[in-house]
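Quick caveat: nothing in here was measured; it's all calculated off a predicted structure. Naming convention: chains lettered A, B, ... in sequence-line order (proteins, then strands); numbering from 1 in each chain. Worth knowing before you read on, the calculation uses all heavy atoms, side chains too, and leaves out hydrogens, waters and symmetry mates.
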Protein chains: 2
Amino acid sequence: MHAEQPVRTGRAKRLPRAVRERQILDAAVDVFSRLGFHASSMDEISEVAGISKPMLYAYLGSKEELFATCIRREATRMMEAIATGVEPDQPPDVQLWSGLRAFFGFVGGNRAGWQVLHRQASSQGGPFAAELADMRGRAISLVAALLVHSSDFPNVPRAGDKEAESLAAALVGAGESLADWWLDNPEEPAGVVAARLMNLVWMGFGDLVGGNVWHPPSRRAPDTPQPGAES
Amino acid sequence: MHAEQPVRTGRAKRLPRAVRERQILDAAVDVFSRLGFHASSMDEISEVAGISKPMLYAYLGSKEELFATCIRREATRMMEAIATGVEPDQPPDVQLWSGLRAFFGFVGGNRAGWQVLHRQASSQGGPFAAELADMRGRAISLVAALLVHSSDFPNVPRAGDKEAESLAAALVGAGESLADWWLDNPEEPAGVVAARLMNLVWMGFGDLVGGNVWHPPSRRAPDTPQPGAES
DNA sequence: TCCGCTACCTACTCGCAGGTAAGACTACTG
DNA sequence: CAGTAGTCTTACCTGCGAGTAGGTAGCGGA
């Protein structure tokens, strides 16, 4: 799970600041994800990072600043992964599908990052949750734009945008929760989890219990869920 | 939000143990929900409860035991609220609808309880998360049974149960997330939030962008979302 | 009215973890 | 070979909060 550095003795090798900072952030994400914000000690983080505590403070400031930096880094990585994965000229369901695959692919390849980003950040109050809320807001806007663009909401005359936005919030929330659930049930590959959510939000239970499933255009038989990216 | 006791001076009124324990748990849920587990001090909880710290230890044991007791109490309350709200002889969509209304009704009336139950418990590791996972497991089983009972899953020959269970997990997760989202956007009434999730999971985006919405049987016109229970 | 029990308190101990002071080692530059 | 800038360390201070020792006050029973 987390790479176990051999116990450090004596002085660490001299490295340029940028490299050290990356190492420290990696270590911090690892420790925060395993222990949570409060239970993580700066001593432990510095030990995992292979340096001594004052380096932490010299480079990353206080514990809270360090945590915020972790959150920002992981949030940025995730949004970039999604933005890279989605194909803007496709029909809406395919865009949604590729977005979901990118999202679950990222989570699968960055369990620790997702853990600290979502679970930890949301449980600490104040600026951390705000940081997270900002990222979620961007994701919601993305989905909402997709929905609004893809069709009108004929039955909700004036509130179309708000309606779309809150549906998008529900979807994003479902994705976050399913990702959390996946952390505890890691045996399934990313594509299967993504396909499940895709079916749920695109088809709905009403269709699914009737046997209608969504499937990507022209690839496989309708009844096999898309394997997709591996965990 | 939380009832502000006047600053206590001198000795508290003598009360039977059961009553004190309830007071203490109320105070603990309040403080835990606002500050989180680690940031909450036993001093603060005892102060809010209107008693002195040794009483906490005498009645509720250690801080961890106190927290676990809070979680269990809130979890039990929530499952009871849902079980009471659902009507077993109705068709599946109506059962789901009433379950969702009961759930969001509970959360709306117990913001602090939900906060500590979900956000706090899930972010602390170990036994607390396990406690929560147990409750979630029961909720998932409930929904999965509903799905399996309501119809076959024709396209997934042998894995029907597992498929249903993981869809149920996604739904429960969506509900949890939407409830969290609702904590930060509390202006909407419970019924509207419940109706949104109902539409999402029952109809799916595929229908919704086409203008098809779900509505409770024989109450209103199909195009108005159900206002439902008030916050 | 005295006993004993339960509710309740003040006033501590003590370890842990965030944060820092002050200096030592390395490498580059002239 | 100085001088300087940046890297890195040991060894400490300090406050906060979990948990406790030991004692006081009200109440019910005989």
Side-chain angles (χ1 to χ4, degrees), chain A residues 5-28 30-32 34-70 120 124-128, chain B residues 5-28 30-32 34-70 120 124-128:
Chain A
Q5 273 92 344
V7 179
R8 189 176 62 90
T9 55
R11 191 161 275 248
K13 191 145 168 279
R14 266 175 90 92
L15 287 178
R17 175 164 182 159
V19 177
R20 265 298 176 236
E21 282 188 352
R22 256 189 13 139
Q23 281 185 1
I24 293 175
L25 286 179
D26 291 342
D30 174 39
V31 174
F32 281 140
R34 283 185 289 119
L35 271 46
F37 174 71
H38 275 282
S40 300
S41 72
M42 296 297 262
D43 287 281
E44 168 122 19
I45 293 172
S46 69
E47 193 177 333
V48 171
I51 50 143
S52 65
K53 201 164 44 153
M55 294 298 298
L56 274 184
Y57 288 91
Y59 284 174
L60 276 308
S62 69
K63 186 184 184 184
E64 302 210 337
E65 288 176 66
L66 171 61
F67 189 58
T69 304
C70 289
Q120 297 307 325
Q124 317 303 328
F128 308 138
Chain B
Q5 273 93 345
V7 178
R8 190 175 60 89
T9 53
R11 192 161 276 248
K13 190 146 171 280
R14 265 177 93 92
L15 287 178
R17 174 163 185 160
V19 177
R20 269 292 180 239
E21 282 188 352
R22 253 186 18 133
Q23 281 186 2
I24 293 175
L25 286 179
D26 290 342
D30 174 39
V31 174
F32 281 140
R34 284 184 289 120
L35 272 45
F37 174 71
H38 275 283
S40 301
S41 71
M42 295 298 261
D43 287 279
E44 167 123 17
I45 293 172
S46 68
E47 191 177 333
V48 171
I51 49 142
S52 65
K53 201 162 48 152
M55 295 296 300
L56 273 184
Y57 287 90
Y59 284 174
L60 275 310
S62 69
K63 187 184 184 184
E64 304 210 335
E65 287 175 69
L66 171 61
F67 188 58
T69 305
C70 289
Q120 297 307 325
Q124 316 305 327
F128 307 137

message: If the threshold is 4.0 Å, N to carboxylate O, is there a salt bridge linking R34(B) and D30(B)?
response: yes

statement: dist S46(B):OG -> I24(B):CD1 (nearest 0.5 Å) comes out at 9.0 Å

Interatomic distance, D43(B) CG vs dC12(C) P [rounded to whole Å]: 15 Å

side-chain contact (heavy atoms from CB on, under 4.5 Å) between D26(A) and V48(A), intermediate numbers included: CA-CA 9 Å; D26(A) 291 342; V48(A) 171; over 6 Å; no

Exercise: identify the closest heavy-atom pair between S40(B) and L35(B): OG-CB, 3.5 Å

task: Using atom NE2 of H38(B) as one end and atom P of dA17(C) as the other, report the distance to the nearest whole Å.
output: 10 Å

- request: Locate the shortest heavy-atom distance separating C70(B) from A28(B); write the atom from each residue and the value.
  value: SG-CB, 3.6 Å

message: Tell me whether the count of non-hydrogen atoms from other residues, nucleotides or ligands lying under 6.0 Å of CZ in R22(A) goes above 12.
response: no

query: Are any of S41(A)'s side-chain N or O atoms less than 4.0 Å away from OP1 or OP2 of dA17(C)?
result: no

task: State, with a plain yes or no, whether a side-chain heavy atom of K53(A) is found less than 4.5 Å away from one of I45(A).
output: no

query: Can a cation-pi geometry be assigned to K63(B) and F37(B), taking NZ or CZ under 6.0 Å from the six-membered ring centre and within 45° of the ring axis?
result: yes

- prompt: Quick one: E65(B) CD to dA18(D) P, roughly how many Å, whole number?
  reply: 14 Å

- prompt: With a 4.5 Å heavy-atom cut-off, do E44(B) and E47(B) have their side chains touching?
  reply: no

task: Using atom CD of E47(A) as one end and atom P of dC16(C) as the other, report the distance to the nearest whole Å.
output: 15 Å

message: Distance check needed: dG17(D) P versus E44(B) CD, whole Å only.
response: 9 Å

Polar pairs (N or O, both sides) under 3.5 Å between protein and nucleotides 27-30 of chain C?
none

- prompt: Among dT9(D), dT20(D), dG19(D), which is the nearest nucleotide to the side chain of K53(B)?
  reply: dG19(D)

- request: List in numerical order all residues of residues 15-24 of chain B for which some heavy atom is under 4.0 Å away from an atom belonging to DNA chain D.
  value: none

message: What residues from residues 55-63 of chain A pass a heavy-atom cutoff of under 4.0 Å to DNA chain C?
response: Y57(A), S62(A), K63(A)

- prompt: Between CE of M42(A) and CG of L60(A), what distance do you get to the nearest 0.5 Å?
  reply: 7.5 Å

- prompt: Closest approach of E21(A) and Y59(A), non-hydrogen atoms and distance?
  reply: OE2-O, 3.8 Å

